[in-house]
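The structure presented is a predicted model; accordingly, all values stated were derived computationally and were not measured. First listed ligand is number 1; within each ligand, the first listed atom is number 1.
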Amino acid sequence: MNNIKNRIDSDLIKKAEVLLEESKQIAIIPHSGPDGDAIGSSLALYQYLKKKGKEPKIISPSDYPVFLNWLPQNSEVLIFPSNKKKAKDYLKSSDLVFIVDHNSFKRSGDLEKILQDLPAKKIMIDHHPEPEHIVDLMFSDTAMCATCELMYEFIEALGDENLIDTHIAECLYTGIVTDTGGLSYNSSNPRTYQIVGDLLARGIDKSKIHSNVYDNFSTDRMKLLGHCLDQGLEVLSEYQTAIITLTKDDLLRFNYKDGDTEGFVNYPLSIQGMLASVIFIEKEDMVKISFRSKGNVPINAVAAEHFNGGGHMNAAGGRTTDKLSEAIAKFKKVLPDFYKSLDV
Ligand code: 5GP
Ligand code: MN
């Protein structure tokens, strides 16, 4: 078999080694509205640092879906809005802060201002495009399918792969599968499978993880999905694009809980010929929009240029304070030019 190597820059890892050596109290910050990759990579890093004799703490800018609550050490995550004083005090006396699965303080939600002004040294571990230069050391690689993949490389490059136990492996695997739709997209690098193979060898129960993450719909959530695909779906065949709309009333009717709409936006991409799919979700004070695309369709450009967001080429997010109908009208207005610009 080809010898597929670790992809971390050796000079950079030496610097990280020094920073880690000098630090005791370490904060780990996932992005606001964290997903499986953000929480998985944060919990993996947390457990690794504990094994190294450090005092780490994960401070999440906001709460996250219940289907991630089974992750090892989940109860150690401090949710900022309900622990503001404790979190602020901890950050103030931290030697080092890890910015995980995001690359701009704008994505740190309520922690944005606090992190900006914090004198502690900072390390970024992330795989999103166009990182902002806001840290002392940046581990940023858009070729990684997930921050969890990069986290594996980070730990291995530090010479500590022997510290990756079953629990850490479960966290890393969860981030890799959730960020790739179960290893379906953005996951064609053989190295990813070498890493997955290694995680399996460390004793993870793949079926249990899949069941915990995916087979945990409430009946309401399943019906909400049915509603989205029946009443909420509009297919714009001319532009190979589908739109799903969810109103505040829909959410109320199906007893919406945080995380319930996770993954819904992917479904229309299974319609023959679709290149892009967008979901508009009417929340209390804004409309949250998720964008997905296939292949060489940079849907993140639409998110960044028109909807105060951004993300990866095939998976991006944004928001607007416009009314739901206005947000959709705006998307339909910019879609023809975007479609024309594509090389399809
Ligand atoms: P989701 O649709 O699941 O919220 O987000 C999809 C992807 O886009 C994720 O990788 C997420 O990090 C990114 N993303 C979501 N919202 C924003 C945003 O407001 N700004 C940027 N830069 N990226 C976002
Ligand atoms: Mn990610």
Side-chain angles (χ1 to χ4, degrees), residues 28-45 60-62 64-65 67-68 98-110 112 124-132 134 139-154 171-181 183 185-187 192 213 228 243-244 246 258-269 276-281 283 286-293 297-321 327 331:
I28 302 168
I29 316 290
H31 57 76
S32 178
D35 55 9
D37 190 31
I39 291 298
S41 53
S42 295
L43 281 169
L45 180 60
S60 177
S62 64
Y64 47 88
F67 63 76
L68 296 173
F98 277 90
I99 305 295
V100 169
D101 199 33
H102 62 301
N103 57 22
S104 153
F105 290 138
K106 280 187 216 99
R107 298 273 293 139
S108 314
D110 289 355
E112 176 177 356
M124 178 191 293
I125 302 193
D126 181 59
H127 69 137
H128 292 89
E130 294 171 24
E132 292 182 10
I134 51 173
F139 292 88
S140 165
D141 190 346
T142 56
M144 300 281 169
C145 69
T147 294
C148 278
E149 185 177 31
L150 184 53
M151 194 63 79
Y152 176 98
E153 299 281 40
F154 179 72
C171 295
L172 294 176
Y173 181 77
T174 299
I176 291 173
V177 286
T178 53
D179 255 30
T180 57
L183 293 168
Y185 45 80
N186 197 19
S187 49
T192 303
V213 174
C228 279
I243 297 176
I244 295 176
L246 271 180
D258 269 350
D260 274 358
T261 53
E262 194 75 32
F264 286 9
V265 65
N266 293 306
Y267 282 86
L269 287 179
S277 171
V278 188
I279 187 168
F280 294 84
I281 306 172
K283 298 273 171 92
M286 51 129 187
V287 177
K288 157 85 185 124
I289 309 151
S290 285
F291 302 84
R292 298 292 183 272
S293 67
V297 175
I299 201 71
N300 55 348
V302 179
E305 280 165 35
H306 305 287
F307 295 99
N308 311 302
H312 310 275
M313 178 155 83
N314 296 138
R319 63 203 46 73
T320 172
T321 50
F331 178 73

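- Taking both residues in full, the closest heavy atoms of Glu149 and Ile176 are given as N-CG1, 4.0 Å, listed atom of the first, atom of the second, then distance.
- Distances between N or O atoms of Glu262 and those of ligand 1 include no value under 3.5 Å.
- Asp35 lies apart from the Mn ion (ligand 2) in this respect, since none of its N, O or S atoms is found at a distance under 2.8 Å.
- The minimum distance between the Mn ion (ligand 2) and any N, O or S atom of Asp179 involves atom OD2.
- In this structure, His31 contributes its side chain and Arg107 its backbone to no donor-acceptor pair below 3.5 Å.
- The His312 neighbourhood of ligand 1 comprises atoms 10 (O), with distances under 4.0 Å to a heavy atom of that residue.
- Taking the six-membered ring for Trp and thresholds of 30 and 60 degrees, Phe291 and Phe331 have ring planes inclined between 30 and 60 degrees apart.
- Taken to the nearest 0.5 Å, the CD atom of Glu262 stands 4.5 Å off from the CZ atom of Phe67.
- A pairwise comparison of heavy atoms in Pro129 and Asn103 identifies O-ND2, 3.0 Å as the closest pair.
- Taking backbone and side-chain atoms together, Cys148 has no N/O/S atom less than 2.8 Å away from the Mn ion (ligand 2).
- For a threshold of 3.5 Å applied to N or O pairs, the pair formed by His31 and ligand 1 contains no separation below that value.
- Evaluated by nearest non-hydrogen atom to atom 18 (C) of ligand 1, the leading choice among Gly33, Gly309, Pro129 is Gly309.
- Remark: the backbone N or O of Asp37 is not paired with any side-chain donor or acceptor of Thr147 at under 3.5 angstrom.
- Contact annotation for Arg107 and ligand 1: only side-chain heavy atoms (C-beta onward) come within less than 4.0 Å of the ligand.
- Every heavy atom of His102 sits 4.0 Å or more from the atoms of ligand 1.
- Judged by distance alone, the side chain of Ser108 and the main-chain N or O of Lys106 form no donor-acceptor pair under 3.5 Å.
- What sits closest to atom 19 (O) of ligand 1 on the protein, heavy atoms only, is Arg319 NH1, 2.9 Å.
- Looking at Ala304, Gly310, Ser32 and measuring to atom 23 (N) of ligand 1, the nearest heavy atom belongs to Gly310.
- Each of the atoms 1 (P), 2 (O), 4 (O) of ligand 1 lies under 4.0 Å from some heavy atom of Ser290.
- Atom 3 (O) of ligand 1 has as its closest protein heavy atom Arg292 NH2, 3.0 Å.
- Taking a cut-off of under 4.0 Å to the non-hydrogen atoms of Gly311, the atoms of ligand 1 that pass are 8 (O), 13 (C), 21 (C), 22 (N), 23 (N).
- Checking side-chain atoms of Asn308 against main-chain N and O of Thr320 turns up no donor-acceptor pair under 3.5 Å.
- Its N, O or S atom nearest to the Mn ion (ligand 2) is what matters here, and for Asp101 that atom is OD1.
- With a heavy-atom cut-off of 4.0 Å, His127 does not touch ligand 1 at all.
- For residue Asp37, an N/O/S atom approaches the Mn ion (ligand 2) to within less than 2.8 Å.
- Between the side chain of Asp101 and the backbone N or O of Ile39 there is no donor-acceptor pair closer than 3.5 Å.
- In terms of protein heavy-atom proximity, atom 7 (C) of ligand 1 is nearest to Ala315 O, 3.3 Å.
- For the ligand labelled ligand 1, residue Lys288 lies inside the 4.0 Å heavy-atom shell.
- Using a 3.5 Å distance cut-off with no hydrogens or angles, the side chains of His312 and Asn186 do not pair a donor with an acceptor.
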